[in-house]
Protein chains: 2
Amino acid sequence: MTDNGHCGHGKETTEMQKMCISIVPIFNHLEPSEMNEIVKHTNSVSHPRGHTIYHEGDTSDGLYIVHKGRVKIYRLSENGKEQLVRILEPGDFTGELSLFNETVHDAYAEAMGKVELCVMNRDDFQSFLVKYPAISLKVLGEFSNRLAKTEKQAARIAMETTDTRIAMYLADLSEEENSSQVKLPMTRKDLASHIGTSPETISRKLTEFEEAGWIRQLSQREIEILDMDALLLV
Amino acid sequence: MTDNGHCGHGKETTEMQKMCISIVPIFNHLEPSEMNEIVKHTNSVSHPRGHTIYHEGDTSDGLYIVHKGRVKIYRLSENGKEQLVRILEPGDFTGELSLFNETVHDAYAEAMGKVELCVMNRDDFQSFLVKYPAISLKVLGEFSNRLAKTEKQAARIAMETTDTRIAMYLADLSEEENSSQVKLPMTRKDLASHIGTSPETISRKLTEFEEAGWIRQLSQREIEILDMDALLLV
DNA sequence: GCGAAAACTTGACGGGGGTCAAGGTTTCAT
DNA sequence: ATGAAACCTTGACCCCCGTCAAGTTTTCGC
C-alpha cells in the first residue's frame, strides 16, 4: 500500500475547507468572520479507499472532520478480531477521545471510499473552545448523544439475543432513514462485528426473517421491512 | 416503597453542599468565591438504600453529584432484564445525558446504600458552563473518558469470550486499585449483567481460575490475583 | 445478635450460535 | 469488458454457557 501517494496536504483549496467547516454542526452556527478564522487553522487531507487515517497507538494529532466520503472506526481485540465502533458520515468528526486527555488513539480510522477531511490540531481546537464557549456546548451535545448511543449499544449486546439485536438494528436504520426500505451501510462482516455476532448468523437470521414474512431482501444491501412489530417481538 | 420519607430537601446544611462542590473534579478548580456562587444553586438530597433516584422516562431535572455513598446506573431490556451501566462513587456525577439534549432519561439510578447527593438544575448548570468555560473543558474531559471506557466495554462484550471478559474485568480492577488484591464493588448478579453473562457462569469461572492457580478467592468479594499474565491469556 | 432475605455455589441439561468448509455472487481495478 | 478478489450463503458439527433447581452462606434490618 503506498503510504500517502494520494494524500494531498496544504491549503490549495481554501474554498473546500470553508465548505467543510460550514457543514459541521459544531461550527456552522458561528458568524462568517469567525468561521473564516477557523478555516485558517485547518488543513485539507484526502485519503483513498482502504487507507488508514490513524492507527491505534498513534498520538493524537487533532480533530478530523469528514467532508466527503465515509470513515470506519474500529478496534482490534486481543486475538486480532476487529469490532466496528461506528461509521462517520460527512459532517461527523473524530479524534476527540484523545483531544481532552493526552492519550493515544485506542482505535483505527479507515477510509471506506475516497475521503476528504479537514484537520485541525489539538491546541488550536482547544483555544477555539475557550474563545467561543458555544462550540463547547455543541461538542458536549454531540458527546452526550454518542455516549447515550454507545451505552445503549453495549446494553443490547450484553442482554438481547442475536435475533433481537439484528431486528433492532434494522429498526434503528428504518427510523433514521424514515423509510421501511433500508440500505445497509456496510458489509455483513462489519455489521456482524458491530452487533457482536458472525456474518453467517446474519445471513441465516435474515433468511429466517424473510421466510417468516417480516422482511424482503431486495438485494444484498437493501431490505424492505414488512412487519416491524413482529420483527421486534423476536 | 415510601416515596421520599428519607429524602431531606433544602439548604439546611450549606456546609455539606460546599464540601460536595469542592470534591467534584468539574468544580474543584474554581476560586472559593466562584464555588460559593455555585453552592447557592445546589440542593442537598439524601436517599436510603435501594431507593430509585430517577426513572427511565423521567424528564431531566438536572445534574446529580454524588457526595457520599454509591449509586448504580442501570437499564432494562425489552424483556425486563437489567444491565448495570456503571457505578458512581463520591465525586462522580450523572444526569448529563439529558442535560444537553432535551430528552428523557433512558436509564435508572438507584442508591446502593445511604446516599447523599447535590443537585443542580439544568438551566443553572448551563449558565455556569457559559460563564466559566473552564467547567466545560472539565466536563468534556470527563465525557471523553466515559466514552472511551464505554466503547471499550462494548467492544469487549461483542468480541471476547466470557473467560476473557471476566479476566479483563479483574485486571482493570487491579490496575485501578494498584493492588493484586481486589475487592469486587458489586454482587455477582450486577457484575454478570455488566459484562454480559450470568451469575452462575461467574461463579464457575472464578472457581476454574482458582483451580488453575491464577487467583485466590479470599472471600466472596475479595480476590487475590496470583498470575495476571496467565489470566489474560484466557 | 437473630432470623429472614438476598446472595452465592454446584449440578444437570439443552439449544443457540460460532466455526469450518465449499460453492455461488457481487464488486472493482485495470 | 473481464478476471480476480472480496463478499455472501448454506450446510454440518458441537461446545459454550444460559437456565432451572436445590442447597449453603452471607448480609442486613430490627
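Hydrogens, waters and symmetry mates are skipped; everything else that's a heavy atom, side chains included, is used. Chain identifiers are assigned alphabetically (A, B, ...) following the order of the sequence lines, protein sequences preceding nucleic acid strands; residue numbering begins at 1 within each chain.
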Between B:Glu151 and A:Arg86 the two heavy atoms that sit nearest each other are OE2-NH1, 3.3 Å

A:Thr162 has its side chain closest, among D:dT26, C:dG17, D:dG29, to C:dG17

Between CZ of B:Arg49 and P of D:dT27 the distance, given in whole Å, is 11 Å

From CD1 of A:Ile157 across to P of C:dG17 the rounded distance in Å is 14 Å

Whole-Å distance, B:His51 NE2 to D:dG29 P, equals 15 Å

Task: Residues B:Lys152 and A:Asp106 bridged, charged N to O under 4.0 Å - done: no

**Asked** Taking the side chain as C-beta and beyond, is there a heavy-atom pair between B:Ile26 and B:Phe93 under 4.5 Å?
**Response** yes

- Query: Does the side chain of A:Gln217 pick up a donor-acceptor pair with the side chain of A:Glu210 at under 3.5 Å?
  - Reply: yes

Rounded to whole Å, the CD-P distance (B:Glu222 to D:dT26) equals 13 Å

Within residues 181-192 of chain B, those residues having any heavy atom closer than 4.0 Å to DNA chain D are none

NZ/NE/NH1/NH2 to OD/OE distance under 4.0 Å, A:Asp172 and A:Arg156: yes

note: A:Gln220, atom CD; C:dT26, atom P; distance rounded to Å ~ 6 Å

B:Tyr108 and B:Glu56: side chain donor to acceptor below 3.5 Å: yes

Rounded to whole Å, the CD1-P distance (A:Ile195 to C:dG16) equals 17 Å

Whether B:Tyr169 and B:His194 hold their rings parallel, tilted or perpendicular, with breakpoints at 30° and 60°:
perpendicular

request  = Would you indicate, yes or no, if C:dC8 has its OP1 or OP2 atom less than 4.0 angstrom from a side-chain nitrogen or oxygen of B:Arg221?
outcome  = yes

Self-check item: Over 12 foreign heavy atoms within 6.0 Å of CD, A:Glu175
Solution: no

Separation of C:dG18 atom C1' from A:Arg165 atom CZ, nearest Å, is 12 Å

Checklist entry - Are there more than 12 heavy atoms of other residues, nucleotides or ligands under 6.0 Å from atom CZ of A:Arg216? => result no

Expected list for residues 197-211 of chain B near DNA chain D, using heavy atoms below 4.0 Å, is B:Thr197, B:Ser198, B:Glu200, B:Thr201, B:Arg204, B:Lys205

| request: Could you tell me whether the phosphate oxygens of C:dG18, OP1 or OP2, come under 4.0 Å of any side-chain nitrogen or oxygen in A:Lys81? | output: no

Taken to the nearest whole Å, CE/A:Met159 to P/D:dC17 is 16 Å

